[in-house]
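Step one of this worksheet: look at the structure below.
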There are 2 protein chains.
Amino acid sequence: MSAQGPYLAEIAHLMGDPARANMLHALMDGRALTAKELAWLAGVAPQTASGHLAKLMQGGLLAVAAQGRHRYYRLAGPEVATALEGLMVLANMEGTTRRLPSRVGAELSFARTCYDHFAGRLGIGIHDALMTGGHLAASEGGYALTSSGKAIFARLGVEPGQSGKTRRAALRPCLDWSERRPHLAGHLAAALACRCFEMGWTRRRKDSRAVTLTEEGRAMLEAALPGFRCDAPEPSVSPLRREPVPALA
Amino acid sequence: MSAQGPYLAEIAHLMGDPARANMLHALMDGRALTAKELAWLAGVAPQTASGHLAKLMQGGLLAVAAQGRHRYYRLAGPEVATALEGLMVLANMEGTTRRLPSRVGAELSFARTCYDHFAGRLGIGIHDALMTGGHLAASEGGYALTSSGKAIFARLGVEPGQSGKTRRAALRPCLDWSERRPHLAGHLAAALACRCFEMGWTRRRKDSRAVTLTEEGRAMLEAALPGFRCDAPEPSVSPLRREPVPALA
DNA sequence: TCGATACTACGGCCCTGACCGTAGCGTCCT
DNA sequence: AGGACGCTACGGTCAGGGCCGTAGTATCGA
């Protein structure tokens, strides 16, 4: 039986505490945050957060970079984000009874970052436009760009460069937890997202993983990506800070 | 922030108990097991198992079918298996310190079922042969078969039938936790596995997710799938029942 | 050099939840 | 009908672990 169970439980147990889950969720946009920020986000005292972070480190889920008197924590790698996404798919689907889709922040389901790439309707719009345009080809473990796809990326300022014939696919589908359809992950997707932030086509919100698509960004994507569409986000009601809504009872 | 954290933690917490993790792991081959079998596999008394199963049901991770005085539990859906796979990737990778790959049962890493399709080197062999042969094309969220791919599946006795233009891809990559490379999932992969069991090309082990590739099965796959290769499993040392090896300290 | 800040280490409180005992209900076999 | 079996419900016990208090170490700014 290879004794997988216990290890599986070890990892899941680490993610199964509300405070730690909040921290991991906050880190899913790929940024690195300080212990204090994470403590605040998780809703616990810094001492408590420190203990949680130590456990997550020991479990190999986080990596840390000490910089002066700050310690910046980030997810240890894309596999961690992938695993979390898998759980979030369940968390959003489980028993139609609870968690109605409407509860998901409108901005968040419109566009957000997923570790290092775009998710939400923006991510899906990009995926679909490339797919229906025939710019994606099957490749080891995911997609590769066809020549027309490479041209599109080049036009957007992302050099598809071979990146050394790596094992992992440059692009791969990643199931979107809010839309329940795939968007694009992989290092080319990350490079595209990076380029979008760099050029001001998209902007990060301050205290959320939500992303804003600027007018210029929309124009650029529509020009470069025939068939791209991505309906505007509904006007937000309230930023809805933290203090999670009361559990289901 | 959309209060994802708490829900995420809820699901992860369910998976984070050793007994429950063992149950879920045992169900990952897609079969349905009775409460008593699961109790035995998890190493707890039936009363305890019953409680765990109720929790997993309420969490939406399991589905149950009552048949006479037995209750057959199974995973609620492929998403659950996917989420578990995501965690197992972490569990096998985490800190090179613990869990050396050698600990994974040789038979298990050679061939096993992953929910409803093949994983391990067998699954990867199929994936790679189709991929390098150019039998896969990119498709919404995964792969589709090219015409040559359809011919191969037809030759193996699997009718690729459109299955009604569903949203989900017929084939999609699924990261293999033992080999750390993708194998094929999706309903066509499931149909292929089903066909292989049906024809006696593969056989299930009794108390393990490991799968045996018969001589006939190997011959069939090599004949139908140009480029297919799948090295034999190392002779197993001992079946290594359960009683998980002592934790890392 | 001194204080402020960021973080971690330790200790004690307390609650969640895993466990199994007994008991009860429904189903199958003879 | 009677007994065996599969499963679940309930109650008591107990350990694991989350929480924050205080205290200690390292870094930055003046």
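Numbers restart at 1 for each chain; the letters A, B, ... are given by sequence-line order, proteins then strands.
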Legend entry - Contact under 4.0 Å: B:Lys55 side-chain N or O vs C:dA18 OP1/OP2: yes
Legend entry - Terminal axis angle for the helix from C:dT1-D:dA30 to C:dT30-D:dA1, five pairs an end, nearest 10 degrees: 30°
Inset, instruction - Keeping the roles fixed (side chain from B:Thr212, backbone from B:Arg204), state whether a donor-acceptor pair exists under 3.5 Å. - result: no
Legend entry - Any A:His52 side-chain N or O less than 4.0 Å from OP1/OP2 of D:dC19: yes
Legend entry - Value in whole Å for how far the P atom of C:dA9 lies from CD of A:Gln58: 11 Å
Inset, instruction - May I have the distance from A:Leu56 (atom CG) to C:dC7 (atom P), rounded to whole angstrom? - result: 15 Å
Inset, instruction - Report the residue (B:Ala54 or A:Ala45) whose heavy-atom-nearest nucleotide on DNA chain D is the more 5′ of the two. - result: B:Ala54
Inset, instruction - Give the nucleotide from the list D:dG18, C:dT22, D:dG21 with an atom nearest to the side chain of A:Asp17. - result: D:dG18
Inset, instruction - Assess A:Arg112 against A:Phe118: is NZ or CZ under 6.0 Å from the centre of the six-membered ring, and within 45 degrees of the ring's axis? - result: no
Inset, instruction - Go through A:His117 and A:Thr113 one step at a time and tell me if the side chain to side chain contact (heavy atoms under 4.5 Å, CB included) criterion holds. - result: CA-CA 5 Å; A:His117 52 270; A:Thr113 47; over 6 Å; no
Inset, instruction - Provide, to the nearest angstrom, the distance between the CG atom belonging to B:Leu62 and the P atom belonging to D:dT8. - result: 11 Å
Legend entry - Whole angstrom value for the distance that separates P of C:dA9 from CD of A:Gln47: 13 Å
Inset, instruction - Rounded to the nearest angstrom, tell me the gap between atom NZ in B:Lys36 and atom C1' in D:dC7. - result: 11 Å
Inset, instruction - Quick one: pull up OH in B:Tyr73 and CZ in B:Arg71 and give me the separation to the nearest 0.5 Å. - result: 4.0 Å
Legend entry - Side-chain-base donor-acceptor pair under 3.5 Å for B:Arg69 and D:dC5: yes
Inset, instruction - Calculate the interatomic distance between B:Leu53 atom CG and D:dG6 atom P; express it in whole Å. - result: 15 Å
Inset, instruction - Report which part of the nucleic acid A:Tyr72 touches: base, sugar-phosphate, or nothing (heavy-atom distance under 4.0 Å, all strands). - result: nothing
Inset, instruction - Would you please confirm or rule out a distance under 4.0 Å between OP1 or OP2 of C:dA6 and any side-chain N or O of A:Tyr73? - result: no
Inset, instruction - For A:Met15 and D:dG17, give me the distance from atom CE to atom P, rounded to whole Å. - result: 17 Å
Legend entry - Distance below 4.0 Å between B:Arg71 side-chain N/O and C:dT27 OP1 or OP2: no
Inset, instruction - Spell out, as yes or no, whether a donor-acceptor pair under 3.5 Å connects the side chain of B:Arg20 to the backbone of B:Leu14. - result: yes
Legend entry - Closest-nucleotide ordering on DNA chain D, the 5'-leading residue of B:Pro46 and A:Thr48: B:Pro46
Inset, instruction - Using only side-chain N and O atoms of A:Ser50, determine if any of them is under 4.0 Å from OP1 or OP2 of C:dT8. - result: yes
Legend entry - Over all atoms of both residues, closest heavy-atom pair of A:Thr214 and A:Gly200: OG1-O, 3.1 Å
Legend entry - Atom-pair distance (CD on A:Gln67; C1' on C:dT5), nearest Å: 16 Å
Legend entry - Pair B:Glu85, B:Thr82: side-chain N/O donor-acceptor within cut-off below 3.5 Å: no
Legend entry - Shortest non-hydrogen contact between B:Pro46 and B:Ala39, atoms and distance: CA-CB, 3.9 Å
